[in-house]
Amino acid sequence: MSVQHLAKVADVEPQQDLASREIAACLSHASVKFGRFTALEDISLEIGEGEFWTILGPSGCGKSTMLRLVSDLVPAAKGNVEILGKTTEEARLAREFAFVFQDATLLPWRSAIENVQLPLEIGRKRGVQLPKSDKSPSELLELVGLKGREDALPHELSGGMRQRVAIARALVCKPKLLLMDEPFGALDEMTRDHLNIQLRDIWRETGVTILFVTHSIPEAVFLGQKVLMLRANPGRVKEVVDIDLPDGRQIALRETPEFNRYCGQLRQLLEDC
Ligand SMILES: Nc1ncnc2c1ncn2[C@@H]1O[C@H](COP(=O)(O)OP(=O)(O)OP(=O)(O)O)[C@@H](O)[C@H]1O
């Protein structure tokens, strides 16, 4: 690891002992190109295991591309990406990560619990030994607040409930890393607030590392321990902001001066992008 790289890491997490911090995702000078267009350039980051990172930046700056890079959906044109010490391909095959998108993408003819069970069934059919959550599919539905709705079909559920099923499904193979691309972007504000609180609880209970893309500054501050601000053309790291707010976050936190200070800081950074 270069001195420059270590310096960047120290900026990101000044209080932590680097030697004792387990790394979930390590990006070293990584770039992504689509033809001649550079979508991401020289990204160096270390994301510690169990951390919750939110990603903000102007439209088109490469937030989704960053998740696609980490999840082996696009290759690094330069540099290197490691997930839990593995290449992205090895991590994908070992089901080290799972994705949740803006659209829940549930199979409409399967009930909530059957949708959650789906990744395990696919693994069994392919003869692949997949990691399995310590919780059963029905316990995962309970974890996301859907106890009693196991047999409901997707069209019988609200948008927020469908997203909860998608989160339970993402957790069924016990991923170490959860990649979330604007998962609550299409939901009304109250549902979104409620899911924000629930997602923090799920994160605390499972210990999963989360990378969460959003366009909402308050959502990024409420959820994240760290906010990664990307800037555009090409997408680069603008800044990583540590969010030093207490745990057990409730909606009232959004009315506090500390919370609004972080929002103001990030709004300024976004304007400067
Ligand atoms: N498959 C692709 N081929 C060509 N260009 C692409 C491809 N995917 C993304 N891009 C370009 O890469 C840049 C980053 O796209 P990306 O979707 O990652 O941005 P984003 O920050 O997530 O955007 P938004 O906030 O609008 O969702 C954009 O200019 C986009 O047009």
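Counting starts at 1 for both ligands and their atoms, following the listed order.
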Best match, Gly235, Ser59, Ser64: closest heavy atom to atom 26 (O) of ligand 1:
Ser59
Answer yes when Glu51 and Lys226 have at least one side-chain N-carboxylate O distance shorter than 4.0 Å, and no when they do not.
no
Where is the nearest protein heavy atom to atom 2 (C) of ligand 1: which residue, which atom, and how far?
Phe34 CD2, 3.5 Å
Phe212/Phe184 aromatic ring centres below 6.0 Å:
yes
Does Arg68 come within less than 4.0 Å of ligand 1, judged by its heavy atoms?
yes
Nearest protein heavy-atom contact for atom 11 (C) of ligand 1: which residue, which atom, what distance?
Phe37 CE2, 3.8 Å
Under 4.0 Å from atom 7 (C) of ligand 1, can you find at least one protein heavy atom?
yes
Can you find an N/O atom of Gly62 closer than 3.5 Å to an N/O atom of ligand 1?
yes
Can you find an N or O of Cys61 that's nearer than 3.5 Å to an N or O of ligand 1?
yes
Output yes when Glu49 and Lys176 qualify as a salt bridge under the 4.0 Å nitrogen-oxygen rule, no when they do not.
no
Tell me the contacting part of His215 for ligand 1: side chain, backbone, both, or neither, using a 4.0 Å heavy-atom threshold, strictly below.
side chain
Under 4.0 Å from a heavy atom of Ala39: give me the atoms of ligand 1 that qualify, with their elements.
12 (O)
Looking only at protein heavy atoms, identify the closest one to atom 14 (C) of ligand 1 and say how far it is in Å.
Gly60 O, 3.4 Å
For atom 16 (P) of ligand 1, closest protein heavy-atom neighbour
Thr65 OG1, 3.6 Å
Does the protein put a heavy atom under 4.0 Å from atom 31 (O) of ligand 1?
no
Is Arg162 reaching over with its side chain to a backbone N or O of Asp103, donor-acceptor style, under 3.5 angstrom?
no
Taking salt bridge (Lys or Arg N to Asp or Glu O under 4.0 Å) as the definition, give me every residue that meets it alongside Arg204, ordered by chain and number, with sequence neighbours left out.
Asp247
Taking only Lys NZ, Arg NE, NH1 and NH2, and the carboxylate oxygens of Asp or Glu, determine whether Glu41 and Lys33 approach each other closer than 4.0 Å.
no
Suppose we call two aromatic rings close when their centres sit under 6.0 Å apart. Are Phe97 and Phe99 close by that rule?
no
Decide, yes or no, whether a salt bridge links Asp181 with Lys63 under the criterion of side-chain N to carboxylate O below 4.0 Å.
no
